[in-house]
Number of protein chains: 2
Amino acid sequence: MNDTATRGRTTPSREAILDAASTLMSRHGYAATSISRISTACGLPASSIYWHFGSKEGVYLAVLQRARQALVAGLPGTVVPGADVPRRLTAFLSAVAEVFDRHPHDLRLLVGISMLEETACSAARAELADYRLALRRWLADSLGSVFGVPGTAAPAEDLAGFLLTIAGGASIARWFEDPDASLPVGDLHVALSALARSRGVLDDAR
Amino acid sequence: MNDTATRGRTTPSREAILDAASTLMSRHGYAATSISRISTACGLPASSIYWHFGSKEGVYLAVLQRARQALVAGLPGTVVPGADVPRRLTAFLSAVAEVFDRHPHDLRLLVGISMLEETACSAARAELADYRLALRRWLADSLGSVFGVPGTAAPAEDLAGFLLTIAGGASIARWFEDPDASLPVGDLHVALSALARSRGVLDDAR
DNA sequence: GTCTATAAAGTGATAGAC
DNA sequence: GTCTATCACTTTATAGAC
């Protein structure tokens with residue numbers, strides 16, 4: 001992968017290649033997605049793909065970057081509206097569920113990274129770390145707003161970690177058994193309230 | 001994949017091939033694990049692998065079957081010991097965490113299946129369904145024992161689904177950021193108690 | 001059951017005309 | 001920027017001696 005990755009940011013052909021690669025890689029994984037299959041899927045010859053991205057890893061990196069940018073751009077603000085904690089929690093969880101539903105294949109894309117050789121593709125690994133961190137920060141800040149504590153406070157960070165775990169698990173469940181499954185927002189409301197109470201950031205009153 | 005998969009059930013060479021394939025496939029995925037790499041890893045020629053398993057898919061299927069059998073054989077009974085619900089829940093969750101820690105790479109193996117072509121490898125897909133179902137049944141029956149309801153009751157099934165989601169998510173978190181992470185048993189105790197209460201199978205008393 | 005040798009196809013990547 | 005043509009290599013899988 002060379003610096004050709006920085007050429008021609010948003011040309012139509014570049015986007016067409018990324019669309020095809022994105023679909024194939026999220027469906028079959030990185031290793032099983034060959035350049036020739038991307039080529040036939042988008043109708044452009046292999047050499048065009050190499051001209052745009054320099055290597056197969058370059059294609060992958062660009063796919064990941066585009067996915068992260070789309071996710072981050074679609075995140076609502078971290079100031080959650082609502083009169084009291086239960087209402088704010090409900091509003092927040094429905095926002096999370098919406099983001100979750102809007103990015104159905106992202107985890108499959110990310111999983112591909114961790115299957116790569118340890119030695120290779122450190123740029124893709126950095127991209128993965130950025131992706132996960134951006135989500136975690138948004139969750140923690142929003143949860144802080146819900147419970148009226150700083151987003152950097154331990155309870156907010158803890159609950160964000162718990163919620164991120166659930167989101168990952170729900171993503172797994174979605175692609176293993178039910179493609180249309182969303183987040184269990186009702187149960188999450190109950191569980192997060194209880195966890196907040198156990199950490200002293202929510203009164204015992206319902 | 002032909003019927004050679006049924007030959008010589010537990011010969012040493014067969015096990016050596018499965019050991020190597022299991023390691024490589026859980027680390028790099030199905031597509032990135034070639035027969036030649038398995039061959040060099042276990043010291044046997046490619047033709048021996050084909051003699052034992054008939055095809056690459058045959059190797060994969062055998063790896064999955066062995067993993068499921070090992071998991072199922074290691075599950076404790078579904079009658080959970082303990083004087084009251086909180087104690088039984090604690091005992092159950094530590095049993096779950098132990099199983100979780102003992103099978104660190106199973107999810108990575110299973111993820112490989114869902115990356116295969118839709119048309120191919122229906123046997124592996126059936127194996128995946130069996131694997132997940134066995135876990136879910138054990139969880140539901142054990143949770144029924146914890147809360148004193150039948151394992152087929154809706155609350156037990158619901159909580160089992162929730163717990164399976166968390167286990168999947170924790171598995172993701174483990175391989176994405178912290179290889180040594182286990183299940184958050186403390187938080188799970190709080191969360192599952194609250195969910196049980198919301199379903200009326202646990203008194204409001206702590 | 002294991003070995004060597006090899007066939008047939010697919011892979012990542014590049015050269016050079018246009 | 002896209003095209004055709006191609007190289008060097010790896011892939012799955014098989015044939016046949018031992």
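Order of the sequence lines fixes the chain letters, A, B, ..., with proteins taken first and strands second; residue numbering starts at 1 for each chain. In what follows, every heavy atom counts, from backbone to side chain, and hydrogens, waters and symmetry copies are set aside.
When each of D/dA13, D/dG1, C/dT2 is scored by its nearest atom to the side-chain atoms of B/His52, the top-ranked nucleotide is C/dT2. In this structure, of D/dG1, C/dA13, C/dG1, it is C/dA13 that holds the atom nearest to the side chain of A/Ser55.
Atom NE2 of B/His105 sits in a sparse spot, with 12 or fewer heavy atoms from other residues, nucleotides or ligands closer than 6.0 Å. The local environment of CZ in A/Arg87 is sparse, with at most 12 non-hydrogen atoms from other residues, nucleotides or ligands closer than 6.0 Å. Residue B/Arg199 places its CZ atom among more than 12 non-hydrogen atoms of other residues, nucleotides or ligands, all under 6.0 Å distant.
The shortest distance between the side-chain N/O atoms of A/Ser47 and the OP1/OP2 oxygens of D/dT2 is not below 4.0 Å. One finds no side-chain N or O of B/Ser34 lying less than 4.0 angstrom from the OP1 or OP2 phosphate oxygen of D/dT10. The shortest distance between the side-chain N/O atoms of A/Tyr50 and the OP1/OP2 oxygens of C/dA13 is below 4.0 Å. When the side-chain nitrogen and oxygen atoms of A/Ser13 are compared with OP1 and OP2 of D/dT2, one or more of them lie within a distance under 4.0 Å.
Taking atom CG of A/Leu44 as the reference point, atom P of D/dT2 lies 6 Å away to the nearest angstrom. Separating the NZ atom of A/Lys56 from the P atom of C/dT11 is a distance of 9 Å, rounded to the nearest angstrom. Straight-line distance from the CH2 atom of B/Trp51 to the C1' atom of C/dT2: 10 Å, rounded to whole Å. Atom CD1 of B/Ile35 and atom P of C/dA7 are 20 Å apart (whole Å). Atom CD of A/Glu57 and atom P of C/dA13 are 8 Å apart (whole Å). Rounded to whole Å, the distance from CZ on B/Arg37 to P on D/dC9 is 18 Å. Per the geometry, CD1 belonging to B/Ile38 stands 17 Å off P belonging to D/dT10, to the nearest Å. Between the CE atom of A/Met25 and the P atom of C/dG12 there is a distance of 9 Å, given to the nearest Å.
For the pair B/Arg125 and B/Leu116, the minimum side-chain heavy-atom distance is below 4.5 Å.
Annotation: cation-pi pair A/Arg174/A/Phe100 present, NZ/CZ under 6.0 Å from the ring centroid and within 45° of its normal.
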